[in-house]
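Following: one structure in structure tokens, then a few remarks.
Chain naming here is simple, since letters A, B, ... match the order of the sequence lines and numbering starts at 1 in each. Just so it is clear, the structure is predicted and the values come from calculations on it, not from any experiment.
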2 protein chains.
Amino acid sequence: MAVTLKEVAERAGVSRSAVSRTFTDGASVSDKMRRKVEKAAKELGYSPNALASSLTTGRTKLIGLVSNNFHNPIFLEVFDLFTRGLQDRGLRPLLVNLTDETDPENSVRMLRQYSVDGVVVASSTLPPEFAKAFRDAGVPVVHSFGRASSAPQVHVVGIDNVECGRMAARELVRRGYTHVGFMGGPEGASSTQDRYSGFMAEMSAHPDIKASHSFADAYSFDAGRREMLRLLKNGPAQAYFCGDDVLSIGALSAIDDSGLSCPDNIGIIGLNDMEMAQWENIDLTTIHQPIRQIVTSSIELMVAMLDDPERYPETRIFPCSIVERGTLKPGI
Amino acid sequence: MAVTLKEVAERAGVSRSAVSRTFTDGASVSDKMRRKVEKAAKELGYSPNALASSLTTGRTKLIGLVSNNFHNPIFLEVFDLFTRGLQDRGLRPLLVNLTDETDPENSVRMLRQYSVDGVVVASSTLPPEFAKAFRDAGVPVVHSFGRASSAPQVHVVGIDNVECGRMAARELVRRGYTHVGFMGGPEGASSTQDRYSGFMAEMSAHPDIKASHSFADAYSFDAGRREMLRLLKNGPAQAYFCGDDVLSIGALSAIDDSGLSCPDNIGIIGLNDMEMAQWENIDLTTIHQPIRQIVTSSIELMVAMLDDPERYPETRIFPCSIVERGTLKPGI
DNA sequence: GGCAATTTTGCAACCGGTTGCAAAAAGCGC
DNA sequence: GCGCTTTTTGCAACCGGTTGCAAAATTGCC
């Protein structure tokens with residue numbers, strides 16, 4: 001079917017190595033030879049088989065992009081940034097969807113069969129073991145949106161979720177609320193735990209302010225809505241830090257439906273600053289997560305690791321910042 | 001680094017072919033041999049190199065997944081369904097982001113270099129030429145969410161956008177509106193054109209009802225909002241068929257901000273039925289696009305084509321239906 | 001033009017598998 | 001145990017490239 005190097009060589013009347021060299025940069029070929037080969041290649045419509053060459057070079061330029069967040073719109077942006085960023089560097093993303101997969105083994109085996117040069121795990125809910133499984137298999141790995149660790153075993157790029165929790169708490173205090181709530185995502189996710197502990201740590205410095213907490217069972221609109229409806233029934237706090245923007249929007253919907261208004265009756269601060277948060281009919285005050293920087297940095301780290309697979313694991317944390325919109329009362 | 005077939009063969013004290021055969025199903029190996037090989041393989045942690053074997057078998061099980069819709073949340077669902085569906089059949093999606101790419105040539109070349117077995121073009125805005133470029137290169141291709149054609153040159157799976165336009169028009173008529181509007185997405189997209197022509201065709205049967213039209217410059221919240229604000233200033237229609245749900249939600253926001261209300265002052269019907277459309281604070285009446293069926297069918301078609309690349313091109317159109325929610329007045 | 005240093009080229013082995021073919025082994029009936 | 005058929009196995013060539021090495025060609029210098 002496809003044109004091979006051998007055919008080009010025959011047509012150009014040169015050796016196979018000569019053809020190979022004109023298509024590998026850094027190889028020594030005379031101008032005359034290059035012209036001859038390129039002419040023949042063009043006539044035949046030849047383009048080299050990346051997979052065959054990977055066999056000898058040991059490089060496929062394939063990068064496994066592993067994720068389980070196919071329901072949070074923010075991940076569409078993440079995929080957009082990753083795919084473009086990788087493409088720009090001549091790398092190809094091989095997408096792996098872990099939605100109904102709990103065991104890393106399978107994905108590890110599959111990605112090894114395809115000899116990926118590296119793996120990016122893009123998820124805030126997958127446990128660190130997942131990324132570690134790849135490292136143990138000898139594959140360079142970056143865990144994007146992963147949990148910061150003081151003793152990282154793999155490269156992690158993300159935000160400081162504990163600090164985000166503190167930041168949200170500080171903001172609610174600053175605004176003068178005297179009863180605040182933490183409404184987290186799934187309790188098992190490390191990101192939820194971190195945000196929770198940061199939030200509570202900060203609140204413990206304010207014993208005069210009442211702080212309560214609860215957890216929604218998913219990072220989804222419905223879960224946020226359900227949880228807020230439940231809270232409203234049982235005497236809610238004055239303002240909530242919601243585990244993420246989608247949850248926040250669900251909560252907003254519940255507040256609205258109950259005939260209450262935000263921020264007049266209940267305040268909400270989210271996390272992520274997804275595109276939708278700035279839509280005028282949502283206008284969510286939230287903590288901005290620098291997605292673009294996280295993705296860019298992850299890719300840079302991956303590229304660096306392709307050069308030096310033994311590179312010492314590092315953690316890159318990007319600061320978040322509050323975006324003031326309309327779902328918290330002005331404050332004092 | 002990785003364990004090779006040769007090492008397994010040596011350890012098991014058998015020939016390389018024997019090892020190869022125990023890992024290819026349908027090959028003849030005795031039970032004794034199989035056990036010996038599997039033992040050695042397990043001890044060494046061997047798993048076959050899919051790329052190397054693709055060299056001789058001519059099959060990589062890689063499928064190019066090409067898209068340019070990285071801003072419409074509905075595509076997150078599309079990616080989710082595609083990646084899982086492909087994975088379930090042992091195929092691997094190689095993601096290609098065409099956002100800033102206009103020329104098919106590049107993508108075609110790249111995907112050929114990686115010897116993909118087939119390509120799925122998932123986009124309602126890419127021109128048919130894009131898909132055709134792959135077909136011309138001898139790669140099986142399915143255009144999902146593509147335009148129905150009476151003389152298809154490639155396999156197309158999608159909806160009948162003309163009929164959707166008619167359907168929306170009929171619904172607005174049925175509801176008793178006497179001045180209706182078509183607010184399309186980007187004028188160049190074939191999906192927009194089809195929805196427009198269907199809408200207008202239906203309206204031409206109702207000369208008593210005024211029908212106007214305009215186009216937003218993107219399928220985005222902002223574009224929908226901007227366009228609706230403009231329309232509101234210049235004397236709007238009573239109800240609009242918006243090119244897509246995201247546009248609709250932008251329009252809703254504009255209506256809300258202008259102190260008007262939907263559906264009391266202005267009605268809206270969208271298209272797609274994205275997850276968000278059913279959120280209680282949006283509650284958008286819209287035309288449901290059967291995404292799941294489209295994706296499933298696309299994958300089936302792709303699998304069929306892997307068996308028979310010469311398969312005669314076919315068009316699969318799935319019917320859409322109206323989901324009644326709260327953004328149109330009840331009607332007569 | 002002659003010689004040494006440098007560049008370009010082709011040979012052949014190799015990357016990690018698969019597969020047609022023939023030899024070896026196993027199974028079968030007597 | 002023998003001859004015949006069927007199954008299993010290994011050899012060797014091949015898939016589409018790359019690359020170390022040595023031979024051939026070119027270049028530079030006197």
Can you confirm whether [X] sits close enough to [Y] that some side-chain heavy atom of one is under 4.5 Å from a side-chain heavy atom of the other?
X	Y	result
A:Pro140	A:Asp117	no
B:Glu77	A:His71	no
A:Met305	A:Val142	yes

Taking only side-chain N and O atoms of [X], does any of them lie within less than 4.0 angstrom of OP1 or OP2 on [N]?
X	N	result
B:Ser17	D:dC11	no
B:Tyr46	C:dG17	yes
B:Ser30	D:dT9	yes

Distance in angstrom units between [X] [atom1] and [N] [atom2], rounded:
X	N	atom1	atom2	value
B:Arg59	C:dG16	CZ	C1'	20 Å
A:Lys6	C:dA12	NZ	P	15 Å
B:Gln113	D:dT18	CD	P	11 Å
A:Tyr114	C:dG17	OH	P	13 Å
B:Asn49	D:dC15	CG	C1'	13 Å
A:Arg34	C:dT7	CZ	P	16 Å
A:Phe23	D:dG16	CZ	C1'	13 Å
A:Arg112	C:dG16	CZ	P	13 Å

Closest-nucleotide 5' rank along DNA chain D - winner of B:Ala18 and B:Leu55: B:Ala18
Contact nearer the 5' end of DNA chain D, comparing A:Ser47 with B:Asp31: B:Asp31
When all nucleic acid strands are considered with a 4.0 Å heavy-atom cut-off, which category describes B:Ser28: base, sugar-phosphate, or nothing? base
Categorize B:Val19 for me: base, sugar-phosphate, or nothing, with a 4.0 angstrom heavy-atom threshold over every strand shown. nothing
Using the side-chain heavy atoms of [X], tell me which of these nucleotides is nearest: [options].
X	options	result
B:Arg16	C:dG17, C:dC15, D:dG17	C:dG17
B:Ser15	C:dC11, D:dG16, D:dC11	D:dC11
B:Ser20	D:dG10, D:dC15, C:dT19	C:dT19
B:Arg21	D:dT18, C:dG10, D:dT9	D:dT9
B:Lys32	C:dA26, D:dG20, C:dG16	C:dA26
A:Thr56	D:dG17, C:dG16, C:dT19	D:dG17
B:Thr4	C:dG17, D:dG17, D:dT19	C:dG17

Residue pair A:Lys39, A:Arg34: steps toward the side-chain contact (heavy atoms from CB on, under 4.5 Å) verdict: CA-CA 8 Å; A:Lys39 178 156 168 289; A:Arg34 159 157 278 129; over 6 Å; no
Check the angle between the aromatic planes of A:Phe75 and A:Phe145 and answer parallel, tilted or perpendicular using the 30° and 60° thresholds. tilted
Which of these passes side-chain contact (heavy atoms from CB on, under 4.5 Å) with B:Val141: B:Leu111, B:Val121, B:Val120? B:Val121
Comparing A:Gly13 with A:Ala52, nearest DNA chain C nucleotide closer to 5' gives the residue A:Gly13
